[in-house]
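First comes the structure, then the notes that go with it.
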Amino acid sequence: MSEPESRDFIRQIIHDDLESGKHKEIVTRFPPEPNGYLHIGHVMSICLNFGVTDETDGRTFLRFDDTNPGKESEEYVAAIKNDVRWLGFDWQDRLTHASDYFGRLYEYACKLIELGCAYVDSLSAEDMRNYRGTLTEPGKDSPYRDRSMEENLDLFQRMRAGEFADGEHVLRARIDMGSPNINLRDPALYRIRHITHQHTGDEWCIYPMYDFAHTLSDACESITHSLCTLEFEDHRPLYNWFLDQLKPPHRPRQIEFSRLNLAYAITSKRKLNSLVEEGIVTDWNDPRMPTIVGMRRRGYPAAALRDFVTRAGVTKKDKLIEMGVLENCVRENLGDIAERRMAVLRPLKVVLTTYPQDEVEMMAAMNHPGRPELGTRELPFSRELWIERDDFMEDAPRKFFRLKPGGEVRLRFGYIIRCDEVIKNDAGDVVELRCSHDPDTRSGTGTSDRKVKGTIHWVSCQHAGNADVRLYDRLFTAANPNSAADFHTVLNADSLQTVAAMLEPALASLVVGEAVQFERLGYFCLDSEDHSAAAPVFNRIVTLRDSWAKIEKQALQKQS
RNA sequence: UGGGGGAUCGUCUAGUGGUAGGACUACGGACUCUGACUCCGUUAACGGGGGUUCGAAUCCCUCUCCCCCAGCCA
């Protein structure tokens, strides 16, 4: 029974650490900075950090890395909590902030000074940059590097007491200005910021830097495995240096994995923010955004997102994953659970000349072809119907199985009809079709069992509901917009299209948060922001696979 | 050209000295009252060159390419 299922390299390390007895329990943390919304890349990190502790009965902290007041806010804290919960994870009582540890961090900093491992520098930011050297040249020591321990302690205490202005001094680690690893060239530990912190108010006017705060927050929470992305790989020596000098009771281990990049999407907070600021999208939760709030509003199920990052895997290799993988996960999830409905996105009128003027028949329609237990609903059928414009072609190629002049097609859950006449307006556009139906072919009860190749969907005109349906496409035209010099040059101008659709009556009782399949079209849900009963608004979550579109595309390519 | 990482089908990922496997895509077919779903099949990869070995994706040498780092951001 027990397949030797392959573990990713991090789970392997964790497994080994448990097996060897190095750890009795695994403790991880998801440490977002509350300065923006979470995106698909964070989903990866959340699922990994909470995943490994779910699997091993460990614990995971949700820790807000709030060390840079002014850039961070409680608005984001609330949104992030909501996102993590929605994704299906529970931090229980382990909601923390780096700022919870400011007191202990300050003591650790003092200890570093006492150890001769930190000093107060009074160089300007610009001078500090000049002293740092470059990638190929070593830096040089600050003239303040050899201040006495007593002077450093005094200065640092006065920094804390608010005696100095922003930028006047900074606490730095005393490591090696000649190190080939720039992170070790006396990195800054504390800077002065006379600003109110969203969590600690005015208690502090000095704030710790990421490397220092993060390492020791991990230690304070007895994190066993501190999982982060590849760009922090060359911070690890610094991470370990802090632990070596300060010897906290718990020694966490940092392990890095590669980020998840989604093709045709960006995940830089700065760039996502400019999409919002410049009005290219409506907000962070625009359904085209790769943010968790955006994908949720779009209708992507949390389970599909979890499945997606599992398929992407955990490695150290740079990855750019095709959209199709995500879309496939969404389809797979929704295919099982979404009930089927009928809606016409681009309506074309059909009049059944052979059908009685005032008759209405109720057709039984299956709610899910693979799950009969979901039952059926009644679909009103009448003389005048809407069908999809795309389902009629005047000059149809051989392989076109839908309606064409003189041709026959089945109306799903209805009758087989034949197109007898095409009505056009003065401009020559097709505006209506006159068709006749075969009364012996009613679905289920038909006395004729003859078959036609095509089946199309429809909605009865007099019973149709109206709705705006928003059709989304990728935001960018380039697979890797991150590498474009200016992402504006690779924006997809047609990422949003709104159509006035016709709906079957049962759709009126759909509730926000529930996805349905519009047969032959895709999966849809009500828009959580803009929908109202008076003016329904749907989002297209994802299309169905469409092999006809592929055939058409190939035909077009042959022509050109 | 300092330091740190990484190279397996188009994409993602297994494989740690013994038949290179899976998923997504693509292509072909079966089925179908959703051109969906499902099912079947096909194409398709170890970055290059040396070496060790009966045998190398895996070990050694070497080359090449890609990513990250010079915030008082995280």
Side-chain angles (χ1 to χ4, degrees), chain A residues 5-6 8 31-33 35 65 67-68 71-72 121 123-125 128-130 132-139 166-172 179-185 187-193 206-207 209-211 213-214 228-237 256 258-260 263 269 308 311-329 331-332 335-336 340 342 365-366 368-370 399-402 409-414 416 441 443-444 446 451-457 479 517-522 543-551:
Chain A
E5 75 204 72
S6 77
D8 60 65
E33 182 186 14
N35 70 342
D65 222 328
T67 55
N68 193 4
K71 287 193 173 178
E72 298 155 358
D121 199 356
L123 245 27
S124 68
M128 238 179 98
R129 192 181 327 120
N130 294 140
R132 188 154 33 231
T134 68
L135 292 179
T136 51
E137 304 159 48
D166 287 10
E168 215 172 315
H169 303 287
V170 60
L171 183 73
R172 299 178 73 175
S179 172
N181 181 342
I182 292 179
N183 296 116
L184 263 20
R185 317 237 264 232
L189 266 27
Y190 268 90
R191 73 286 218 195
I192 302 170
R193 285 257 200 291
I206 56 171
Y207 294 97
M209 300 289 292
Y210 164 83
D211 289 293
H214 193 260
C228 64
T229 43
L230 247 31
E231 66 270 28
F232 294 104
E233 208 151 17
D234 49 17
H235 290 236
R236 183 160 21 105
E256 311 85 10
S258 63
R259 302 181 92 97
L260 181 157
K269 274 184 194 170
F308 172 66
R311 292 192 204 197
V314 181
T315 64
K316 300 190 73 158
K317 194 167 71 166
D318 292 341
K319 45 185 146 224
L320 182 64
I321 303 178
E322 292 171 347
M323 268 283 192
V325 180
L326 211 205
E327 292 181 338
N328 185 65
C329 291
R331 285 191 194 105
E332 206 165 278
D336 286 340
R340 313 286 114 132
M342 299 239 267
M366 276 182 298
H368 191 115
K399 290 206 275 190
F400 186 79
F401 305 145
R402 288 112 88 166
V409 76
R410 169 168 288 283
L411 295 176
R412 176 94 159 140
F413 304 125
I416 291 176
T441 58
S443 278
K451 299 207 182 288
V452 288
K453 187 72 181 162
T455 299
I456 64 172
H457 57 98
Q517 182 193 106
F518 289 174
E519 292 215 19
R520 304 210 307 132
L521 296 172
T543 62
L544 253 28
R545 268 206 201 82
D546 187 352
S547 50
W548 171 249
K550 226 169 357 190
I551 294 167

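This one's a predicted model, so the numbers in the text were calculated from it and none came from an experiment.
For A:K71 and A:E33, the salt-bridge test fails: no basic side-chain N is under 4.0 Å from an acidic carboxylate O.
Residues that satisfy the ring-ring contact (aromatic ring centres under 6.0 Å, His included) test with A:H169, not counting sequence neighbours, are A:F164. Residues passing the salt bridge (charged side-chain N to carboxylate O under 4.0 Å, His left out) test with A:R311 are A:D307, A:E332, sequence neighbours excluded. Partners of A:F308 according to the ring-ring contact (aromatic ring centres under 6.0 Å, His included) rule, which considers only residues two or more places apart in sequence or in another chain, do not exist here. In this structure A:E168 satisfies the salt bridge (charged side-chain N to carboxylate O under 4.0 Å, His left out) test with no other residue, sequence neighbours excluded. For A:H214, the ring-ring contact (aromatic ring centres under 6.0 Å, His included) partners at least two apart in sequence or on another chain are A:Y210. A:D234 pairs by the side-chain contact (heavy atoms from CB on, under 4.5 Å) definition with A:N181, A:N183, not counting sequence neighbours. Legend: residues meeting side-chain hydrogen bond (donor to acceptor under 3.5 Å, both in side chains) with A:R185, ordered by chain and number and at least two apart, are absent. For A:K319, there are no salt bridge (charged side-chain N to carboxylate O under 4.0 Å, His left out) partners, not counting sequence neighbours. The salt bridge (charged side-chain N to carboxylate O under 4.0 Å, His left out) test applied to A:R412 returns A:E519, not counting sequence neighbours.
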For nucleotides 63-71 of chain B, print each protein N/O atom paired with a nucleotide N/O atom at under 3.5 Å, atom names and distance only.
from   : atom 1 : to     : atom 2 : distance (Å)
B:rC67 : O4'    : A:D318 : OD2    : 3.2
B:rA70 : O2'    : A:R132 : NE     : 3.2
B:rG71 : OP2    : A:R132 : NH2    : 2.9

Listing time: all N or O pairs from protein to nucleotides 45-47 of chain B that are below 3.5 Å?
none

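Of the listed nucleotides (B:rC73, B:rG6, B:rA26), B:rA26 has the atom at the smallest distance from the side chain of A:K550. Residue A:T136 places its side chain closer to B:rU1 than to any other of B:rU1, B:rA74, B:rC72.
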Sugar-phosphate or base contact per nucleotide [nucleotides 28-39 of chain B; S, B, -; heavy atom under 4.0 Å]: ----BBBBSS--

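For the C1' atoms, the distance linking B:rA30 with B:rG35 amounts to 14 Å, nearest Å.
Sequence order on RNA chain B of the closest nucleotides to A:L320 and A:V170 puts A:L320 first from the 5' end.
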